[in-house]
Every structure is written in C-alpha cells, then in structure tokens.
Amino acid sequence: MDEQALLGLNPNADADFRQRALAYFEQLKISQDAWQVCAEALAQRIYSDDHIKFFCFQVIEHQIKFKYSEFTEVQQQLIRETLVTWLQAQMLNPQPEKTFIRNKAAQVFALLFVTEYLTKWPKFFFDILSVVDLNPQGVDLYLRILMAVDAELVDRDVVHTSEEARRNTLLKDTMREQCIPSLVESWYQILQNYQYTNAELTCQCLEVVGAYVSWIDLSLIANERFINMLLGHMSVEVLREEACDCLFEIVNKGMDPIDKTKLVESLCQVLQSAGLFSIDQEDDVDFLARFSKLVNGMGQALITSWTKLVKSGDMKSAQDTLQAIEAKVALMLQLLIHEDDDISSNIIGFCYDYLHILKQLSLLSDQQKANVEAIMLAVMKKLTYDEEYNFEHEGEDEAMFVEYRKQLKLLLDRLAQVSPELLLASVRRVFNTTLQNWQATRFMEIEVAIRLLYMLAEALPVSHGAHFSGDISKASALQDMMRTLVTSGVSAYQHTSVTLEFFETVVRYEKFFTVEPQHIPNVLMAFLDHRGLRHSSPKVRSRTAYLFSRFVKSLNKQMNPFIEDVLNRIQDLLELSPPENGYQALLSSDDQLFIYETAGVLIVNSEYSAERKQVLMRNLLTPLMEKFKVLLEKLMMAQDEDRQMALADCLNHAVGFASRTSKAFSNKQTVKQCGCSEVYLDCLQTFLPALSCPLQKEVIRSGVRTFLHRMIICLEEEVLPFIPSASEHMLKDCEAKDLQEFIPLINQITAKFKTQVSPFLQQMFMPLLHAIFEVLLRPAEENDQSAALEKQMLRRSYFAFLQTVTGSGMSEVIANQDAENVERVLFTIIQGAVDYPDPIAQKTCFIILSKLVELWGGKDGPAGFADFVYKHIVPACFLAPLKQTFDLADAQTVLALSECAVTLKTIHLKRGPECIHYLQQEYLPSLQVAPEIIQEFCQALQQPDAKVFKNYLKVFFQRAKP
C-alpha cells in the first residue's frame with residue numbers, strides 16, 4: 001500500500017497529505033484487486049494505526065456495495081474468510097478496537113449478510129456465534145452486527161427501492177424461519193451471563209431485543225422468563241433505562257386487544273409492587289423521562305385496545321380496558337405535572353388520547369370530571385415560564401420550551417372539546433385572581449394568565465372572531481376578561497413577555513372594541529408610547545409595529561376620531577434612517593413598512609373629503625420624495641462601494657415605503673376616488689430617473705419595479721405614459737435575473753390593458769427579445785449550475801411572455817413584426833417545445849402553439865403559416881415526446897403532453913381532413929409507424945372527446961419508446 005498516502009488518513013495530517021489519501025481511496029475503489037491488499041492487512045493485522053484499519057474496511061465496504069456481483073466465487077470466499085479471521089483475532093486482542101472501527105466492521109458484516117444470507121451464507125449467524133461464544137469482546141461485536149443488520153432491514157429513515165424492500169421482506173421471513181429462535185436464546189444467555197457483571201453489554205443486548213421485537217414473534221420475548229428478567233433490570237440503576245426502552249418496544253408491538261390489555265396489566269402490577277409508581281421518591285430525571293415514555297406507551301396501547309374492542313362490539317372487555325386506563329390516570333398526572341419538561345412532554349400523548357375517550361362518552365363520572373379538572377390545572381401550571389428562561393438571547397433550551405408549550409396548547413384545545421364550560425370557568429378564575437393584584441405578582445404568572453385568555457380564542461372556536469356575540473354566558477365571560485385586561489393597567493408591567501402577550505391578546509380579540517369602543521384611546525396610547533412602539537426592547541418595538549398595523553386595519557371604522565392625533569404621534573417613526581453609520585433608529589426598515597401601511601390605512605379609510613385625504617397623503621409621501629432626490633444625487637457621486645450600497649439600500653427603502661402606503665387602497669376606495677392619483681404620479685416621476693443610475697443597479701431596479709407593479713394596479717391607465725421610458729432603462733445592459741424580473745411587469749401590463757398597450761408592445765417587442773436572446777446566447781462554463789439555472793428560468797419567462805401576448809388576444813404584436821423576426825420567434829417556440837428537457841417550458845410552448853394555430857391556422861391565416869404547421873408544429877408534437885428526456889412518469893411532463901394533445905386537436909379542428917390525410921399519407925409513414933397504428937391514431941384524433949385523445953396519446957408514446 002502507498003504508505004505516504006496512508007499518512008493523510010490521520011485527521012491531524014496537513015491538507016496535501018489528506019488530498020493524497022482521498023485520491024488513493026478513489027484509486028483503490030476502482031482498482032480490480034487492490035481490495036485484496038486491504039483484506040490481507042485486516043486479516044493479518046499488519047497495521048496498528050486505527051485510521052488505516054478503518055480505511056481498509058471502507059475499501060471492502062465499497063467493493064461489497066458496488067462490485068460484489070462481478071467477483072468470482074474464490075474472491076467472495078476470500079471476503080467471508082477475511083471477516084471471520086478478523087473476528088477471531090478480536091477474541092485474543094488484549095484491548096478491544098476503537099468504537100468507530102467496531103461499528104464500521106459491523107456495517108460491513110451486515111452488508112455481506114444482506115448480500116449472501118439467502119444464497120451463499122445461510123449459516124451467517126451460527127458461524128459468528130460459534131466464533132464469539134460468550135467472550136465479552138466477541139459478544140460486543142455480535143450485538144453491533146445485529147444492530148447493523150436491523151438498520152439495513154427495517155430502519156425507517158433509510159429510503160429503500162421497491163426491489164430492496166422486497167429483498168428485506170424475504171430476508172426477515174427467512175430469518176424468522178431459520179434463526180430467530182436461536183438468536184433470541186443467545187440474547188437470553190448474554191443477559192443472564194452479564195446482567196450483574198457487565199452493564200455495557202447488558203444494555204447493548206437490551207437495545208437489540210428492543211429493536212428486533214417490532215418484527216419477530218412477540219411470544220419469544222413476551223414470556224415469563226424474559227419479562228421477569230427485564231422487570232428485574234428495572235431495579236438495577238445502570239440497566240433500568242435500557243430495560244424501560246425495551247419494555248416500551250414490547251408494549252408498542254401490535255397484538256390482539258384482550259392479550260395486550262393482559263400484558264400491560266401484568267407489567268403494571270409488577271412495576272407498581274416494585275415501588276416504581278412512587279414518582280416523588282425518584283430523583284433520577286433521565287430514568288423518569290424513559291419511565292414516562294413507557295407509561296405513555298402502556299396508556300396509548302390500552303386506549304388502542306379499547307377503541308378496537310368498542311368497534312368490534314365487545315363492550316364487556318372494553319369496559320375492563322377502560323377501568324385499566326382510568327387506573328393509570330393518577331400516575332399520568334404525576335408525570336404530567338413533573339417539574340422536568342422532558343418527563344412531562346413524554347406523557348402528553350397518553351393524556352391527549354385519554355381526553356379523546358372522554359369526548360366520546362355521553363356522560364362523565366365524578367371521577368372523570370375531576371380528572372379533566374386536574375389535567376387542566378396541570379396544563380395551566382406547566383405553561384408557565386421558569387426563572388431561567390432567557391428572553392434576550394433565546395437558545396436551545398428556550399426553543400425546546402416553546403415547542404413544549406405547543407404540545408400543551410393541543411391539550412388545552414382537546415380539554416375545550418371535552419368541557420368548554422369548565423375550561424372557560426377555570427381560565428376566568430386564574431385570570432381574575434392574577435390581575436386583581438398584578439403589581440405584586442411575578443411576571444410569569446401574569447404572562448400565563450393573559451396567555452390563557454389568548455389561547456381561549458382558538459380553543460373555543462367561532463367564525464370570523466365573533467367571540468362577543470351568540471352564546472351569552474361565554475361572550476360576557478370573555479368581555480369581562482378583556483375589560484379587565486385593558487383597564488387594569490397591566491400593560492405597564494415591566495417585563496417584555498407580559499407586554500407582548502398584552503398586545504397579542506388585544507389584537508386577537510379586536511372585535512371586543514366594536515362592542516366597547518370607549519377603550520380604544522387607552523389601547524392606542526399603549527401602542528404609541530414606551531409600552532409599545534417606543535419600548536426599550538427592539539423585539540417588542542418590532543412585534544408591536546406589526547400588531548399595530550393589524551389593530552388599525554381591523555378597527556378602521558372606529559379610528560376616525562383619532563386619525564390626525566395618531567399621524568402626528570407616529571411622525572418621527574416615519575423618518576427615513578440616513579445611511580450614516582452608528583445611527584440607531586427606533587424601528588428597522590422592515591418594521592417601518594408596517595407603520596407606513598398603517599398611516600395609509602388611516603388616511604384612505606377616514607371619513608375625510610378627497611381633498612383632505614390628498615393633503616394628508618402628500619404630507620406622508622413628500623418627505624420620502626425629497627429625501628430620495630438628495631440621496632440619488634449623493635449616490636451618483638459616491639466613490640466607496642460600501643457607501644454606494646448603503647445609499648442604494650436607503651433609496652430602496654424610500655420606494656418600498658411609498659409602495660406600502662398604496663396597499664391601503666381597495667376596489668371600494670380607489671386612488672382616484674381618494675384624490676391621490678397626483679401624489680403617486682409625482683412619486684413615479686421622482687423614482688423613475690433612478691433607473692438610469694449605473695451604480696447598484698440590481699437593488700434600485702428591483703425597488704422601482706415593485707413600485708411600478710403596485711402603480712399598474714392602483715393608477716390603472718394613468719401609469720401608461722411612464723411605461724415606455726421605464727422599460728427602455730430597464731432593458732439597458734441587463735443580466736438574466738433583471739430580464740426574468742422585468743418580464744412579469746410587461747405580462748401584467750399586457751394582461752391588464754390589452755389592446756391599449758398594443759402599439760407600445762409592438763415597438764418594444766424586438767428590443768426585449770434581442771435582450772433575452774443576447775443573454776441566452778452568452779457562453780457559460782460547462783458545469784456552472786447557477787448560470788444554467790438562470791438561463792432555464794429566463795427561457796421560461798420568455799415563453800410566459802409569449803403566452804401572455806397570444807393569450808390576451810394580441811397576436812398582432814407578433815404578426816406585425818418583420819417576416820424574418822416572426823419566423824425567428826416561431827422557431828424559438830418550436831425549439832422550446834422539443835429541444836430543452838424542461839417540461840414546464842415545454843408545456844407553455846405547446847399552449848402558445850395551440851393558440852397560434854387557433855388564431856392563424858384557418859384558411860384566412862397569414863401566408864405560409866399552414867406550411868409552417870405541417871413542416872414544424874406537427875413534427876414537434878411527435879419529436880418532443882419521443883425524446884429520452886421526456887419522462888412520462890413525471891407529473892409536469894404529463895401536463896406538457898396534455899398540451900401537446902391539445903395542439904394536435906386544434907390543428908385537426910382548423911385544417912380538417914387535410915390534416916388527417918397529411919398524417920396518414922406523409923408524416924406518420926416517414927416515422928415508420930405501422931399502418932394499423934396510423935389508422936388507430938387518426939381515429940383517436942377525430943374523437944369529439946378531447947380526453948379520449950389525451951389518454952390515447954400517452955399510451956401511443958409509451959408503446960413507441962424502447
């Protein structure tokens with residue numbers, strides 16, 4: 001072996017050596033017999049370096065995975081012998097190999113097992129057992145090999161082909177017949193032999209039992225001798241976690257419901273008598289987390305049995321099972337309320353399913369009602385933040401608590417289904433008690449009290465947030481709590497979690513303010529002062545900006561008396577942050593978008609006259625326009641790239657803010673009706689010159705393009721005079737991405753204004769196409785993935801543009817170009833349909849071709865088009881689906897084929913018998929299609945039902961492809 005290259009296997013080797021080692025590995029993988037050197041090195045223990053041993057196993061692993069079928073009998077025998085020899089050597093090793101080597105060896109054994117067990121090596125496990133016997137190092141490897149085999153056969157995380165899945169099923173069936181009883185016996189011997197002397201091996205063995213239980217005969221494990229031994233392990237500190245997991249797998253195994261109930265009950269009796277149900281005496285949280293998972297498994301298993309028994313009508317057994325479930329509720333509650341969230345989280349499944357049973361019962365007993373109340377109190381207690389929660393820097397622990405809270409919310413929703421009255425009364429009690437004395441209460445208790453009120457909105461669902469009408473008792477309870485929330489002064493509590501919960505809840509129940517509008521001024525003040533938008537925490541300011549915009553939008557009818565006051569108070573928050581370093585604005589530019597939108601909503605939805613609205617809107621947008629002009633001049637002179645970027649971002653924000661104000665308009669309140677057209681036209685005149693700025697083009701163009709999209713919607717035809725010069729600027733020296741983003745703008749104009757923009761489109765049609773072709777024809781590196789993807793996306797955009805033009809009834813835009821340009825465009829469509837393996841673009845191309853045939857394919861179509869149909873469009877409908885890349889199993893490709901069928905149907909519709917004659921006499925014979933198939937094809941094409949032909953065409957091409 002290349003000793004120099006092997007030096008690079010050490011993780012501390014320098015980069016050159018490591019590179020050489022990698023190259024050597026690749027070389028050995030493809031070499032015919034290099035693996036034999038590795039096999040010899042392992043069998044004869046030539047190397048002591050761990051990394052080289054691992055490397056040798058990797059080379060052999062590669063051979064078994066990819067080359068094994070090419071090996072001779074002798075070579076295959078050599079691999080088997082190498083592995084067995086290596087295994088025998090391990091028995092004599094004074095020190096076991098490193099764990100990573102043992103695991104890799106186990107993987108190689110498992111690969112060989114999967115390859116050879118059914119044919120060459122049926123005695124695989126017996127051979128291994130005869131080598132290892134009860135030698136601890138041997139047993140360790142045997143157990144690792146078993147886990148690796150299980151991973152190959154049943155690991156849910158590995159995606160298997162249907163062929164591999166069939167093979168794995170056959171392997172498991174054969175193992176069940178031939179060796180599983182012997183393997184189970186070996187596990188029993190290992191457990192018995194090592195349970196008191198070698199905890200590590202015992203735990204490994206328990207892990208194996210747990211893994212195999214899911215697919216072997218349960219009676220081999222769920223019997224007295226095994227279960228008694230496992231229950232014994234539950235009292236041994238070093239074994240009990242693994243024993244717990246093993247029992248969980250046994251309980252989880254599907255079986256007859258009555259037998260399952262018996263099994264669970266017998267386990268529970270023993271566990272209870274061993275004192276394991278006394279949770280408060282146990283302080284090992286790791287064990288309790290596993291135990292909680294086991295109790296959860298037992299509870300859910302009993303519930304599954306109950307459901308099956310009820311379905312089958314065996315009410316006597318179902319009643320017995322329900323009693324068994326009820327008997328576990330006290331234990332479940334102890335685990336649910338445990339201060340460790342992992343322990344609590346593991347039992348939530350059982351708790352949830354138990355509530356589902358109660359929901360199905362027509363009458364609850366007193367005990368069951370008490371259980372519901374106990375679960376409710378537990379959930380309320382566990383929702384509470386603890387002292388350690390870090391609100392400023394949320395890390396992994398905080399993220400886990402947030403997830404845990406989501407689980408608790410599901411429980412709360414389920415509780416609401418079982419007993420909505422009880423939930424409402426409990427929340428009301430907690431809420432009122434907490435808020436009565438909020439000044440002297442800890443933040444987490446206030447937060448959870450408000451949170452519970454917030455959660456009721458989803459737990460007690462109503463349509464369109466109508467919580468304050470309908471059911472009187474519920475409406476008045478919620479109204480009381482909301483009134484308390486907004487009048488208690490709790491919004492001034494000095495903790496971010498309480499502040500945020502306050503605002504979230506106010507917005508969630510915005511309908512309350514239509515019932516009691518007298519509270520709106522107080523809440524608006526909370527939003528606008530140091531409690532909300534001017535809070536010391538950026539996180540609170542940011543979230544409040546969004547919530548404020550929602551609050552104002554939903555209550556716009558009630559806002560009229562406060563509009564001018566609010567606009568004055570948010571004035572400083574609307575200022576464009578200058579691009580000077582070190583300037584700390586209260587809100588980020590993303591947050592400011594919400595404030596601008598809010599200002600727009602207030603103005604547009606006000607009861608003011610159009611003149612007044614125009615004045616207010618001009619006051620809002622003029623500072624942006626003035627700032628924009630100054631910044632654009634600065635950008636033109638800026639030398640430093642960072643400075644240029646900062647200025648371009650700032651310009652972009654200005655345009656973005658103006659765009660956002662326009663979201664306030666609607667069909668009922670248009671820009672025209674509000675008298676605001678002039679202001680937005682001024683904005684257009686201010687922003688469009690930036691398109692000719694040669695610096696930071698991408699950022700600026702993107703902002704102005706978005707603004708234009710908005711103005712096409714808002715200003716309608718008033719925007720049209722600006723489009724030609726804007727387009728001209730955007731087509732100057734542009735990249736694939738610029739064009740890709742510019743085309744949707746033209747599509748929007750085309751689809752919206754149709755014939756109104758026909759002259760403009762005819763004029764800019766070829767300049768746009770030249771820009772597109774120029775970018776598509778640029779040479780790119782052969783394996784530059786991103787350039788290839790950009791071109792593919794641009795090609796799609798180009799075809800989407802042609803589809804919009806033809807689909808909007810404006811084919812004259814194409815027809816009125818020079819003849820050679822028309823021809824060039826038509827050929828690009830044919831090319832798109834046939835040559836590029838992109839089913840999305842192909843589908844669009846066939847849609848365009850159908851449309852063109854429909855418009856021009858009749859007797860009065862343009863000269864020469866009928867000829868084009870037969871020479872190019874008909875062949876495209878066959879050549880595209882016949883390509884190897886046209887995959888009929890792919891959904892997008894099937895859609896493309898469907899459009900191809902529509903194209904052929906349209907040609908037949910427009911050209912009639914002439915088309916059939918051409919297919920029968922000329923085109924299909926030229927493809928060597930058999931006469932009877934030609935006959936069949938033409939008959940299908942003439943069927944009046946288009947669906948019949950679509951289905952036929954798919955079958956036709958499936959048969960035609962080798």
Side-chain angles (χ1 to χ4, degrees), residues 1-3 5-13 21 25 35-61 64 77-113 121 123-149 151 183 185-209 233 236-239 242:
M1 285 171 99
D2 180 345
E3 302 293 333
L6 292 178
L7 291 174
L9 295 172
N10 190 318
N12 301 323
F25 179 47
W35 64 269
Q36 297 184 16
V37 181
C38 294
E40 189 184 349
L42 284 173
Q44 299 184 12
R45 297 195 283 168
I46 294 172
Y47 295 100
S48 59
D49 184 308
D50 294 329
H51 298 289
I52 297 178
K53 294 179 200 169
F54 186 80
F55 176 76
C56 292
F57 272 120
Q58 273 184 305
V59 173
I60 292 176
E61 176 183 38
I64 298 173
Q77 182 64 28
L78 175 64
I79 283 201
R80 285 196 290 276
E81 284 169 3
T82 300
L83 290 180
V84 173
T85 309
W86 179 84
L87 187 62
Q88 285 164 334
Q90 301 313 302
M91 305 302 110
L92 311 168
N93 256 7
Q95 278 296 307
E97 295 284 8
K98 293 272 187 351
T99 309
F100 72 94
I101 295 175
R102 284 180 277 161
N103 285 340
K104 179 52 76 181
Q107 282 171 354
V108 175
F109 270 100
L111 269 178
L112 200 55
F113 164 81
W121 201 356
K123 295 214 169 324
F124 177 87
F125 287 111
F126 297 107
D127 289 352
I128 288 175
L129 277 169
S130 67
V131 172
V132 304
D133 194 25
L134 280 173
N135 171 306
Q137 282 174 220
V139 168
D140 170 88
L141 281 159
Y142 165 60
L143 294 171
R144 284 176 200 274
I145 291 168
L146 283 167
M147 285 309 286
V149 166
L183 297 187
E185 187 54 44
S186 74
W187 304 337
Y188 185 76
Q189 297 302 332
I190 292 167
L191 290 173
Q192 210 176 25
N193 205 49
Y194 287 114
Q195 57 186 341
Y196 302 119
T197 55
N198 189 326
E200 200 177 325
L201 281 183
T202 309
C203 286
Q204 261 178 280
C205 190
L206 288 170
E207 194 185 347
V208 168
V209 176
H233 295 164
V236 181
E237 201 155 317
V238 284
L239 305 179
E242 276 303 339

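Just so you know, residue 1 is the first one in the sequence shown, and it goes up from there. Just so it is clear, the model here is predicted, and its values are computed rather than measured. Note that these values count all heavy atoms, side chains included, but never hydrogens, waters or copies made by symmetry.
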Verdict with supporting geometry, I128 and F113, side chain to side chain contact (heavy atoms under 4.5 Å, CB included) = CA-CA 11 Å; I128 288 175; F113 164 81; over 6 Å; no
Full working for side chain to side chain contact (heavy atoms under 4.5 Å, CB included) between K104 and I60 | CA-CA 11 Å; K104 179 52 76 181; I60 292 176; over 6 Å; no
Any chance you could lay out the side chain to side chain contact (heavy atoms under 4.5 Å, CB included) test for Q90 and D140, step after step, and finish with the verdict?
-> CA-CA 10 Å; Q90 301 313 302; D140 170 88; over 6 Å; no
Should L141 and F109 be marked as a side chain to side chain contact (heavy atoms under 4.5 Å, CB included) after you check the CA-CA gap, both sets of side-chain angles, and the distance that decides it?
-> CA-CA 10 Å; L141 281 159; F109 270 100; over 6 Å; no
Does the pair Q36 and E40 meet the rule for a side chain to side chain donor-acceptor pair (under 3.5 Å), with working shown?
-> CA-CA 6 Å; Q36 297 184 16; E40 189 184 349; over 6 Å; no
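M147 places none of its side-chain heavy atoms less than 4.5 Å from the side chain of N103. Looking at W86 and V108, their side chains never come closer than 4.5 Å, going by heavy atoms from C-beta outward. Side chains of R80 and D127 form no contact here, defined as non-hydrogen atoms less than 4.5 Å apart. A heavy-atom distance below 4.5 Å is found between the side chains of D50 and I101. Residues Q189 and V139 are not in side-chain contact: their nearest non-hydrogen atoms beyond the backbone lie 4.5 Å or more apart. Y142 places a side-chain heavy atom less than 4.5 Å from the side chain of S186. For the pair Q195 and V236, the minimum side-chain heavy-atom distance is 4.5 Å or more. L146 is listed as a side-chain neighbour of F125, based on a closest heavy-atom distance under 4.5 Å.
For the atom pair CD1 of I64 and CD1 of I79, the computed distance is 4.5 Å after rounding to the nearest 0.5 Å. Put simply, OG1 on T202 and CD on Q192 are 11.5 Å apart, with the number rounded to the nearest 0.5 Å.
T82 places no side-chain N or O within 3.5 Å of a backbone atom of A43 that could act as its donor or acceptor partner. With D133 contributing its side chain and N135 its backbone, the two residues share no donor-acceptor pair below 3.5 Å.
Q204 and E200 form no side-chain donor-acceptor contact under 3.5 Å, judged by distance and modelled atom types alone.
Shown here for E242 and C203, the closest heavy-atom pair between the two residues is CG-CB, 3.5 Å. Pairing each heavy atom of C56 with each of L42, the nearest pair is CB-CG, 3.8 Å. For V149 against A110, the heavy-atom pair with the smallest separation is N-CB, 3.7 Å. Across every non-hydrogen atom of L143 and L201, the tightest pair is CD1-O, 3.8 Å. When all heavy atoms are compared, the tightest approach of A105 to F57 is CB-CZ, 3.7 Å.
Among R102, R45, K53, the single residue meeting the salt bridge (charged side-chain N to carboxylate O under 4.0 Å, His left out) criterion with E97 is K53.
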